[in-house]
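The next block holds one structure in the form of structure tokens; read it before the comments.
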Amino acid sequence: MNIPLERVDKNRWRIPQNYMNGMNVPGMVYADDVLIEQIRNDNSLKQVANVATLPGVVGHSLAMPDIHWGYGFPVGGVAATDMEQGVVSPGGIGFDINCGVRLIATELVRDQVKGQVDKLADELFRTLPSGVGGSGMRKLDQHEIREVMVQGAAWAVAQGYGLEEDLEATEENGCLAGANPDAVSKQAVQRGMVQLGSLGSGNHFCEVQVVDHIYDSEAAKVLGIGQVNQVVITIHCGSRGFGHQIAEDYIKLAQQKQQDWGFELVDRQLACLPLQSREGKDYLSAMACGANFAWANRQLLMHGVRQAFASVFGRRARPKEMPLVYDVCHNIAKIEEYVVDGEKKRVCVHRKGATRAFPPHHPAIPEKYRAVGQPVLIPGDMGRYSFVLAGAEGSMEQSFGSCCHGAGRQKSRTAAKKAITSKDLMAQLSARGVTVRVHSKGLLSEEAPQAYKDAQNVVNVVHDAGLAKLVARLKPIIVVKG
DNA sequence: ATGTAC
């Protein structure tokens with residue numbers, strides 16, 4: 001599939017609106033010369049064009065430099081739809097509702113952890129339940145899961161999983177408004193009741209990392225990650241089977257109703273619901289339940305991390321000395337206001353594999369970070385590095401307050417599995433000084449560094465394009481995975 | 001991502 005790309009500047013490529021019948025806006029792809037060649041290799045650019053055909057889409061159908069093929073929408077896609085005329089498309093949020101990333105700081109440095117790496121890895125692996133379909137740290141009854149759906153991370157804190165101040169360091173304070181448990185199916189509830197506080201599988205992980213390079217020492221200091229060799233922890237996880245079931249339920253519903261609403265979609269996977277319809281509002285209410293479950297989930301997992309550190313390092317790693325730096329979601333739809341074609345507009349911003357990146361002084365940013373901008377947490381791959389950035393002004397002008405979310409897959413899961421055996425991968429990681437504890441070795445190869453683009457290229461693009469600013473680079477020393 | 005298919 002050859003998609004015509006017009007180069008806009010060093011880091012931007014336009015898919016013209018006349019490329020395909022039915023496009024309501026042009027596409028815009030963020031990539032440099034290296035990344036654009038990798039991106040051309042799958043069908044994700046066609047998906048960028050497909051998204052541009054959605055009813056009520058405004059501005060551009062955007063693709064971040066970590067874009068790759070996904071269900072309907074590309075992963076790494078951003079699209080905003082008009083609140084009055086537009087739709088919400090569950091495939092534009094993703095199956096893992098509020099998949100996201102949480103970064104925890106410590107007062108430890110690399111040398112203090114060196115001799116305890118195996119013990120710490122064992123302790124983390126024991127404390128954080130993982131694996132496909134695995135059950136979580138806390139079983140919920142019918143009443144409790146309703147509270148989780150409405151309260152999010154605050155429920156977890158009230159139950160003793162963490163500190164009050166964790167909430168202000170969480171996007172939306174760990175609770176998306178408008179959640180309605182009655183919009184969630186019994187089946188989703190059944191799946192969710194046993195999975196709170198679990199890591200799952202796939203690309204989800206808990207990593208112990210060290211600050212490896214600092215790009216902006218002032219910003220890094222404000223975020224509490226200002227010391228080279230400082231030990232930090234990243235958790236990447238979402239809403240598990242609960243959010244997955246919500247997505248599946250509403251995609252099925254949307255597909256059944258497309259004809260009634262008069263939609264003729266270029267791809268069945270773009271199934272969508274008018275924002276002003278009963279069904280569209282129900283999806284947003286259910287999505288908020290999924291988002292809140294995910295925030296509670298990451299809150300429990302962070303509690304597990306603090307417990308594991310305390311058991312290994314005692315008073316040198318008490319919860320107060322392990323503050324949450326920030327928690328971002330990268331699979332979500334948010335109602336926000338932007339200037340579109342010179343006019344202020346309320347839109348539904350779909351971020352699927354895309355991180356919010358609000359600039360300095362935005363009221364949604366915790367006060368302590370106001371001058372720096374919203375922390376943007378970008379996991380790379382398990383062998384190389386991850387990044388911390390801060391949102392910048394360009395995101396508000398260009399990308400509906402959004403930037404990339406990770407390295408972006410370069411090889412399919414099947415291709416990755418063929419490229420390297422888990423044994424060879426374990427040896428490679430060990431040689432790089434990375435200690436791994438994994439639930440299923442068979443799945444490890446699918447997540448090999450070789451399966452991903454170089455995250456450094458990805459973050460350089462969003463930095464150069466003015467969407468977010470580089471703050472720090474993190475290197476993994478322990479990886480715990482499903 | 002996911003009780004990796006109903």
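Residue numbers start from 1 in every chain, and the chains themselves are labelled A, B, ... in the order their sequence lines are given, proteins ahead of strands.
- Between A:Arg240 and B:dT2 there is a side-chain N or O to OP1 or OP2 distance below 4.0 Å.
- Within 4.0 Å (heavy atoms only), A:Gly202 reaches sugar-phosphate atoms of the nucleic acid but no base atom.
- If you measure from atom CG of A:Asp249 to atom P of B:dT2, you get 16 Å, rounded to the nearest angstrom.
- Rounded to an integer number of Å, the gap from A:Ile251 CD1 to B:dT2 C1' is 12 Å.
- Rounded to an integer number of Å, the gap from A:Tyr71 OH to B:dT4 C1' is 15 Å.
- Counting to the nearest Å, the C1' atom of B:dT4 and the CD atom of A:Glu446 are 9 Å from each other.
- Between A:Leu389 and A:Ala468, the shortest heavy-atom distance links the atoms CD2-CB, 3.9 Å.
- Aromatic rings from A:His330 and A:His236 are positioned such that their centres are separated by under 6.0 Å.
- Across all strands, A:Ser201 comes closer than 4.0 Å only to sugar-phosphate atoms, never to a base (heavy-atom distances).
- Taking atom NZ of A:Lys252 as the reference point, atom C1' of B:dT2 lies 13 Å away to the nearest angstrom.
- Ring centers of A:Phe387 and A:Tyr385: under 6.0 Å apart, within the cut-off.
- With sequence neighbours excluded, the residues that form a side-chain hydrogen bond (donor to acceptor under 3.5 Å, both in side chains) with A:Glu123 are A:Arg126, A:Ser311.
- Using a 4.0 Å heavy-atom cutoff across all strands shown, A:Gln187 reaches at least one base atom of the nucleic acid.
- Rounded to whole Å, the distance from CD on A:Gln190 to C1' on B:dT2 is 17 Å.
- Between the C1' atom of B:dT2 and the CZ atom of A:Phe95 lies a distance of 9 Å, rounded to the nearest Å.
- The side chain of A:Val132 approaches B:dT4 more closely than any other nucleotide in the set B:dC6, B:dT4, B:dT2.
- Taken to the nearest 0.5 Å, the CE atom of A:Met149 stands 10.0 Å off from the CG atom of A:Asn292.
- As a whole-Å value, the separation of A:Phe293 CZ from B:dT2 C1' is 13 Å.
- Among B:dC6, B:dT4, B:dT2, the nucleotide with an atom closest to any side-chain atom of A:Leu443 is B:dT4.
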